[in-house]
*Asks:* 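Let me begin by handing over the structure; questions about it come next.
Just so you know, these numbers use all the heavy atoms, side chains as well, and skip hydrogens, waters and symmetry mates. The first residue in the sequence is number 1, and the count goes up from there.
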Amino acid sequence: MVPKEKTQDLTVGKNGKPRQKAWQPKAKTGCITCRIRRVKCDEAKPHCVRCTSTGRKCDGYTYPGRQSRPWRQMGHSPGSLPLSIAMSGLQLESAEELKAFDFFQCRSASELSGFFDAQFWQFEVLQASHYLPSIRHAVIALGAMHRKLIAGDAPVVPDDVCDSSIRFALSQSNRALQEIFKSPGYSTMEDKIHMMTTCILFHCLACIQGHQNMAFEHLRSGLRILGEVDKELDRGTADTNRHAVSLSTLRAMLVNMDVQARSILSDKMYRVWEPEPKRQVGIHHVPFLTFAQARVCFESTYTEVMGFLAQMDTRSTGTHEAVREIFQKYKRIQCQFLVGSNQLEEFLSQLSYPLSKADKNSVIGIRLIHDQVKAVLKIFRHFNSGTFTGVMNWAVEDEDMEVMLDLACQYLDAPSDLTLPSGATPKDYYTSQADRVYRSGIKATNLAPPAFSCCSGLLSALWIVTSRSRNLDLRRRAIGLFMSYPRREGLWDSIFAGRVAWEQMIMEEEALEKAATTGVQPVVGEQRGPIVMEWNKIRNISIRYPGVRTAEIEFCNVQQYEVGERGVVRQIAW
């Protein structure tokens, strides 16, 4: 990403002759941190300025097992190093550990980041893994599990202890736990930073395995520790030293994961969930200069608006004063969004086109978050002065839905006309061996290998289409993307979300057919086919996880929800 400006041809020198790159020997004496980041180190002692000036912790210049260059003494070339010497800097013990760590560094770190370059995954975790055994083993486990995931055809790794790759990943996660148990506690800030980092890694491991309850618990642990840190900061007792993983990065990770969790919590789980963590201020009334600044702005706004919506949807505000306070909060979020939207358009107009693939994905990611905020802001209609509750508009304009679908197709490289095949059933897109037996015979082959990211916003955007659009054609397109492109984004599973959305659509379509037989004519959208009637819209979907890989989903339509009647219950296993 580079703003438009006139630049000279850097391949030609001042004398008009082609430039030649000056040869220089490659420096191999930089600090550990700079070498991990693959940047040039200024080699200042005792800590380099390159690290300290950017707020990073410089890990010094000691390389265990490397100072004496033992391979030269033993007659080995670097390419034929004994395994124990090649891995001494990381204290790895086997070729399998080396492969898993290398896979995490080369592929997992970037994919976990989603659309954006994430400091946490691509730099800080790798740096911490060099001297914290628990984080190192958790990183190796995550790399091994991610490699197993993308070799399959579903967005979760099966519980198959006979598989050697899965056994290896589980053994590494057990070793990480053993290292944690060796610690006497987490009384210092360094210990708490360490524990929150480990919670995030284990949360992702549980997500890849499809163990939702365990993923929730790891996230809760991280949020609980962050709450303790904030209390210390409020008292002025927490240390302000720099750490391998920064508190600001951890806060951003945990806040995003918390928003993601709250979006799928049942009302019962929501009431006992951890308090909302303190957020970093994401809006600045200055022009965006980078993709990261734009992303932080809209992620912050998205976090606030989802928290607002959840508050309106789960409980009464109680008093007129509370109503006014919450309404002011809504207006502030709305104003914040409008300011950010103007800044985004100005920023995008200054980019140099054509964009690289990475920059295109960054733009898509930012626009997806932006458009989700736009759609959610429209959901809130007004307050009921009698009950002190928010009144929601559960349908969003087709135009907004189409924009998000088009952005999702662009990112996935999916056909713009992709939809569910006529006559297909949810069982045609299986996530377990058991489902293969019950397929209808409709060809519905996955178009892409499974993918995993921490939290990119693609699946939540598709969910807004399936849950808020009244247009059945648009919803079938969104479900088709869910099912044809198996993805895991933290707690979100595309196949599971697609199956839940499919069940919802089936119920509403059946209600349309029933209404037609009783003389009620279905509403037809302008050149868009039938739409769901307001009275039959599924108002609430509540999910609980009674087993390791099973979910119980309750669907309540508007009428059932208003009178407190139990809805239709479905079971889904994976």
Side-chain angles (χ1 to χ4, degrees), residues 32-39 51 54 56-57 59 87 89-90 92 96-151 155 157 165 168-169 172-173 176 193-194 196-209 218 222 243-246 248-250 252-254 256-257 260 290-292 295-296 299 356-359 361-362 365 411 449-458 487-490:
I32 294 174
T33 306
C34 286
R35 295 191 66 170
I36 293 172
R37 297 178 60 223
R38 298 181 180 179
V39 298
C51 290
T54 57
R56 293 183 175 85
K57 179 181 178 182
D59 289 321
M87 297 183 296
L90 267 174
L92 302 180
E96 201 167 13
E97 287 189 3
L98 177 60
K99 289 178 182 178
F101 188 89
D102 184 64
F103 185 87
F104 179 91
Q105 182 175 6
C106 296
R107 179 158 180 178
S108 301
S110 60
E111 290 195 12
L112 280 161
S113 303
F115 294 112
F116 308 104
D117 178 17
Q119 182 78 9
F120 178 82
W121 294 111
Q122 297 186 354
F123 298 112
E124 295 184 355
V125 166
L126 292 172
Q127 179 172 282
S129 66
H130 275 67
Y131 65 92
L132 290 172
S134 60
I135 292 179
R136 180 166 62 251
H137 288 300
V139 163
I140 292 170
L142 193 51
M145 200 69 81
H146 184 216
R147 184 173 58 187
K148 182 64 181 177
L149 172 79
I150 64 176
V157 172
S165 299
F168 169 74
Q172 289 294 314
S173 63
I193 293 283
H194 174 194
M196 284 188 285
T197 303
T198 310
C199 286
I200 290 174
L201 293 171
F202 273 93
H203 169 77
C204 291
L205 268 171
C207 288
I208 290 181
Q209 294 174 273
H218 288 307
H243 304 279
V245 181
S246 68
S248 62
T249 303
L250 285 170
M253 295 286 297
L254 290 169
N256 285 339
M257 290 176 171
Q260 187 185 67
T290 65
F291 288 124
R295 170 181 61 85
V296 169
E299 280 186 345
S356 67
K357 178 66 173 177
D359 285 352
N361 286 341
S362 293
Y411 179 75
F452 179 76
S453 69
C454 188
C455 184
S456 75
L458 177 65
R487 295 179 61 83
R488 184 87 195 195
E489 293 181 1

*Asks:* What is the distance from atom CH2 of W121 to atom CE of M253, rounded to the nearest 0.5 Å?
*Replies:*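 CE of M253 is found 5.0 Å from CH2 of W121.
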
*Asks:* Go through the structure and list residues passing side chain to side chain contact (heavy atoms under 4.5 Å, CB included) with I208, not counting sequence neighbours.
*Replies:*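 Testing I208 for side chain to side chain contact (heavy atoms under 4.5 Å, CB included), a comparison that skips the adjacent residues, returns L142, M145, H146, L149, V157, F452.
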
*Asks:* Looking at A176 and A138, what are the two nearest heavy atoms and their distance?
*Replies:*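 Heavy-atom minimum between the residues: CB-N, 3.8 Å.
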
*Asks:* Just verifying a value: how many Å separate R107 CZ and I150 CD1, rounded to the nearest 0.5 Å?
*Replies:*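 If I round to the nearest 0.5 Å, the distance is 3.5 Å.
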
*Asks:* I'd like to check R488 versus C207 (side-chain heavy atoms, cut-off strictly below 4.5 Å). Are they in contact?
*Replies:*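 They are in side-chain contact.
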
*Asks:* Within the 4.5 Å heavy-atom criterion, are R487 and P155 side-chain neighbours or not?
*Replies:*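 Not touching, per the 4.5 Å side-chain cut-off.
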
*Asks:* Out of K148, E96, K99, which one pairs with F168 under the side chain to side chain contact (heavy atoms under 4.5 Å, CB included) rule?
*Replies:*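 Among K148, E96, K99, the one meeting side chain to side chain contact (heavy atoms under 4.5 Å, CB included) with F168 is E96.
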
*Asks:* Quick check: do L201 and H218 have side-chain heavy atoms less than 4.5 Å from each other?
*Replies:*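 A side-chain contact is absent here, since even the closest heavy-atom pair is not under 4.5 Å.
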
*Asks:* Once you round to the nearest 0.5 Å, how far does CZ of F101 lie from OG of S129?
*Replies:*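 Between F101 CZ and S129 OG, I get 3.5 Å after rounding to 0.5 Å.
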
*Asks:* Can you tell me how far apart CD (Q119) and CD (Q127) are? Round to the nearest 0.5 Å.
*Replies:*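 CD of Q127 is found 9.0 Å from CD of Q119.
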
*Asks:* Tell me the closest heavy-atom pair linking F202 and S173, and the distance in Å.
*Replies:*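 Closest approach of F202 to S173, heavy atoms only: CZ-O, 3.5 Å.
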
*Asks:* Considering only heavy atoms from C-beta outward, does the side chain of L112 approach that of F104 to under 4.5 Å?
*Replies:*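 Side chain of L112 against side chain of F104, heavy atoms only: contact under 4.5 Å found.
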
*Asks:* Do M257 and C204 have side chains that get closer than 4.5 Å, going by heavy atoms?
*Replies:*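 Yes, close enough: below the 4.5 Å cut-off.
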
*Asks:* Look only at the side chain of Q105 and the backbone of L126, and say whether a donor-acceptor pair between them is shorter than 3.5 Å.
*Replies:*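 Such a contact is absent between Q105 side chain and L126 backbone.
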
*Asks:* Could you grab the distance from atom CE of M196 to atom CG of L254, nearest 0.5 Å is fine?
*Replies:*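 Rounded to the nearest 0.5 Å, the CE-CG separation comes to 7.0 Å.
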
*Asks:* Does some side-chain heavy atom of I140 sit less than 4.5 Å from a side-chain heavy atom of L92?
*Replies:*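 SC-SC contact between L92 and I140 confirmed.
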
*Asks:* Of the non-hydrogen atoms in A169 and A141, which two are nearest, and what is the gap between them?
*Replies:*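 The pair with the smallest heavy-atom distance is O-CB, 3.3 Å.
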
*Asks:* May I ask you to check whether E489 and Q260 show a side-chain donor-acceptor distance below 3.5 Å?
*Replies:*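 Their side chains do not contain a donor-acceptor pair, so the 3.5 Å distance test is not met.
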
*Asks:* In Å, rounded to the nearest 0.5 Å, how long is the span from SG of C106 to CD of E111?
*Replies:*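 Between atom SG of C106 and atom CD of E111 there are 12.0 Å.
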
